[in-house]
Amino acid sequence: ATRLMNYPRICGGKGLKAWNRARVLYVANTQANFNNCIRYLIREVSGKVGHTNFKAYMEKVKKPLSMLPEAYIARMEELFEMAHWLSDEAGGIPPAIPLLERHKSIVNGFPNAWVEQFLAAGNSAATATREEILDYMNGRLAREQDQVEHGKKRAAKAMNSRNGDHRGG
């Protein structure tokens, strides 16, 4: 069985109808036709405002607390690369999202305190490179982890002193 034939197993409703229309357009079982079917499916299901909705979403997305800065930036870049699969308001292929918009979304997705400190340090999403954003945010993460570790040590020391353990530690 081919990918073109098997893919509908994960589709339903509107998606399945779009997939079946795409299969008629792209008959041959090739990687290129499979990719074309996927693009067609995404455009049909997302509608003519898919790209607009995507851009609005990307402006509001926040880095999950447990995700490392490098993984977050890589995921955001991957999503931005996929944006061209969505339709614009005219039903066509939208232009690539400019790097400035990408960097603004990436920077603003970090915790608000980190963003404020990033800007206060004289940085800007408009001028910072991916590497500069990553280096700064990795540094913020390291400082926060150090502060947490220091806080744990202070709390343990305070607990020991309340319990009569005066060894100094």
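Only this structure's heavy atoms are used, side chains among them; waters, hydrogens and symmetry mates stay out. Throughout, residue positions are numbered sequentially from 1 according to the sequence presented.
N138 is linked by a side chain to side chain contact (heavy atoms under 4.5 Å, CB included) to P69, L134, counting only residues two or more places apart in sequence or in another chain. Under the rule for a side chain to side chain contact (heavy atoms under 4.5 Å, CB included), the partners of A126 that lie at least two apart in sequence or sit in another chain are L100, S124.
The side chain to side chain donor-acceptor pair (under 3.5 Å) pairs that include a residue from residues 59-75 are K62-N112, R75-E78, where partners are two or more places apart or lie in different chains. The list of salt bridge (Lys or Arg N to Asp or Glu O under 4.0 Å) pairs with a residue in residues 99-109, not counting sequence neighbours, reads K55-E101, E81-R102. Identified under the salt bridge (Lys or Arg N to Asp or Glu O under 4.0 Å) test for residues 110-138, with sequence neighbours left out: E77-R130. Residue pairs meeting the ring-ring contact (aromatic ring centres under 6.0 Å, His included) criterion with at least one partner in residues 119-142, sequence neighbours excluded, are F118-Y136.
In terms of heavy-atom proximity, N123 sits nearest to L119 at O-CD2, 3.5 Å. Here the closest heavy-atom approach between residue A125 and residue H103 is recorded as O-CB, 3.4 Å.
Placement of L99 and M58 in two distinct hydrophobic clusters is found when ILVMFWY residues are connected by side-chain heavy-atom separations under 4.5 Å, directly or transitively. Hydrophobic clustering (side-chain heavy atoms under 4.5 Å, transitive across Ile, Leu, Val, Met, Phe, Trp, Tyr) groups L79 together with M67.
With contacts defined as side-chain heavy-atom distances shorter than 4.5 Å, the pair H51/I97 qualifies. Counting heavy atoms from C-beta outward, F110 and I73 have side chains that approach closer than 4.5 Å.
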